[in-house]
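Residue numbering restarts at 1 for every chain, and letters A, B, ... go by the order of the sequence lines.
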2 protein chains.
Amino acid sequence: MARTTGSDGEKTEAAIREAAVNLIARLGYEAMSMRQLATEVGVQAAALYRYFPTKEDLLFTLMRGHMEGLIDAWDAARPAAADPATRLAAYVENHIAFHIKRRHSTHVSNMELRSLSHDRLSQILKQRTAYEKELRTILRDGSEAGVFSVDDTGLTAMALIQMMTGVIVWFRPGERLSISEVTATYLSMTMRLVGAKAHGATTSYSAARPLGRSKEAVAL
Amino acid sequence: MARTTGSDGEKTEAAIREAAVNLIARLGYEAMSMRQLATEVGVQAAALYRYFPTKEDLLFTLMRGHMEGLIDAWDAARPAAADPATRLAAYVENHIAFHIKRRHSTHVSNMELRSLSHDRLSQILKQRTAYEKELRTILRDGSEAGVFSVDDTGLTAMALIQMMTGVIVWFRPGERLSISEVTATYLSMTMRLVGAKAHGATTSYSAARPLGRSKEAVAL
DNA sequence: ATGATAATAAAACGAACGTTCAATTAATTC
DNA sequence: GAATTAATTGAACGTTCGTTTTATTATCAT
């Protein structure tokens with residue numbers, strides 16, 4: 001056989017990307033073989049090379065797409081001109097929503113950086129730094145305006161991002177907590193962490209607690 | 001050649017473990033070859049199999065040792081019978097100190113779990129859960145005693161652990177911040193996050209700020 | 001000194017890897 | 001409907017992988 005009936009380049013490429021994200025997230029980049037990926041897509045291994053010249057090209061494409069999606073999502077969610085607390089709340093909500101929705105993709109982008117060449121690693125890190133800088137700016141603005149008390153802007157930004165991104169390690173949709181409950185709790189923790197001074201009914205974050213009391217969290 | 005002069009089983013095994021931790025942390029478990037490891041140790045690949053029957057056995061041994069070290073460190077640092085805030089402070093200090101000191105080992109234990117067989121994964125997760133349970137207990141005690149205000153004990157414990165462990169991603173010894181400065185800032189953030197009510201001069205964590213002001217944090 | 005044992009080297013195994021190439025068929029264009 | 005282009009197959013390439021086997025030498029106990 002050769003070309004199969006109904007074959008379509010765009011559909012195949014999309015299928016490869018989706019299967020690759022899932023496989024890499026589950027097995028790891030090094031552990032996933034091109035033949036495994038091809039089987040998942042329903043195609044021969046050689047066909048993959050029509051769309052991605054090398055395995056690393058495939059990985060890089062996935063990561064770049066993930067980072068672009070993250071930055072685009074924040075650009076769309078960012079409040080036009082608001083006080084630091086509102087902007088911080090928007091950042092937290094967007095970050096958690098995006099990372100829960102794109103769990104596998106996030107896993108890949110966070111865990112497989114070392115499989116990138118130097119140049120490509122730099123490109124991804126550049127995107128990541130730009131995204132993180134948005135948070136540092138918010139923290140600095142809030143700190144200078146006196147509505148946050150933050151010891152060290154850079155360190156606090158890193159701590160918050162690690163904390164929020166960590167959601168994907170244990171969160172499973174449809175289990176004990178809903179996305180909105182998780183987001184509310186993380187928002188509350190974030191606001192306390194940065195020492196936000198409440199200044200209105202809608203910003204009383206520390207009272208936004210889910211209904212149920214927890215017994216045990218499910219690890220991993 | 002065969003046995004070399006001065007060769008010693010115990011020393012070789014220790015050298016293998018140390019080299020393996022560094023190599024796996026840098027390249028990843030799948031990407032590190034047994035021949036690479038052997039070269040690093042200064043030995044032939046076949047010699048590794050005298051000490052570890054398979055590559056996965058080696059990985060498991062490293063991870064189990066790491067988790068045992070973490071639990072032992074906490075057993076040694078745990079305050080005998082103290083109030084929740086003191087216990088929480090001890091937990092945070094121990095966690096950060098241990099993870100900074102054993103950065104590479106932590107990297108391996110956190111990133112390579114998927115390369116373990118089902119049974120061995122369960123063993124490591126069991127150890128991890130036991131360690132995390134200590135933190136949940138502290139949070140629950142503090143919450144019930146009214147000295148912490150925590151929405152969800154399990155979720156807060158996970159958030160704190162992700163935040164603290166994240167230190168190893170960006171912290172480099174000898175750079176802008178010292179270990180004690182980092183620890184002080186994380187302690188301060190932790191106490192605010194759990195809504196700890198200060199009840200004495202030594203527990204005024206939110207004032208424990210490092211001297212220098214940050215300009216930019218170094219990513220990765 | 002000698003025999004036992006511990007530690008390693010050297011070479012080889014089959015399997016799996018990423019990738020390439022030529023052939024073949026489906027879809028599209030003219 | 002013929003020519004062209006797009007999509008895929010099947011087979012093969014050289015390399016590297018984890019691991020095993022066998023032989024050889026250093027060390028240690030007697």
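- Distances shown here put every side-chain N or O of A:Tyr49 at or beyond 4.0 Å from the OP1 or OP2 atom of D:dT8.
- Side chains of B:Thr54 and B:Asp57: a donor-acceptor N/O pair is present below 3.5 angstrom, by distance only.
- Rounded to whole Å, atom C1' of D:dT8 lies 16 Å from atom NZ of A:Lys11.
- Atom CD in A:Glu56 sits roughly 13 Å away from atom P in C:dG18 (whole-Å rounding).
- Within 4.0 Å of A:Tyr51, counting heavy atoms only, lie sugar-phosphate atoms of the nucleic acid but no base atom.
- Counting only residues at least two apart or in different chains, ring-ring contact (aromatic ring centres under 6.0 Å, His included) contacts with residues 36-69 of chain A comprise A:His66-A:Phe98.
- Each of D:dA7, C:dA10, D:dT19 was ranked by its minimum atom distance to the side chain of B:Lys55; first place goes to D:dT19.
- Contact check of residues 22-45 of chain B against DNA chain C (heavy atom, cut-off under 4.0 Å) returns B:Arg35, B:Val43, B:Gln44.
- Between A:Arg136 and A:Asp141 there is no salt bridge, since no side-chain N of the basic residue sits under 4.0 Å from a carboxylate O of the acidic one.
- For A:Thr54, the side-chain atoms get nearest to C:dT19 when compared with the rest of D:dT8, C:dT19, C:dA9.
- Identified under the salt bridge (Lys or Arg N to Asp or Glu O under 4.0 Å) test for residues 14-32 of chain B, with sequence neighbours left out: B:Glu13-B:Arg17.
- Between A:Trp74 and A:Tyr91, the ring-plane angle classifies as perpendicular under the 30° and 60° cut-offs.
- Here the side chain of A:Glu181 pairs a donor or acceptor atom with the backbone of A:Ser178 at under 3.5 angstrom.
- Listed nucleotides: D:dT8, C:dA7, C:dA27. Nearest to the side chain of B:Arg50: C:dA7.
- At least one side-chain nitrogen or oxygen of B:Thr12 sits closer than 4.0 Å to the OP1 or OP2 atom of C:dT8.
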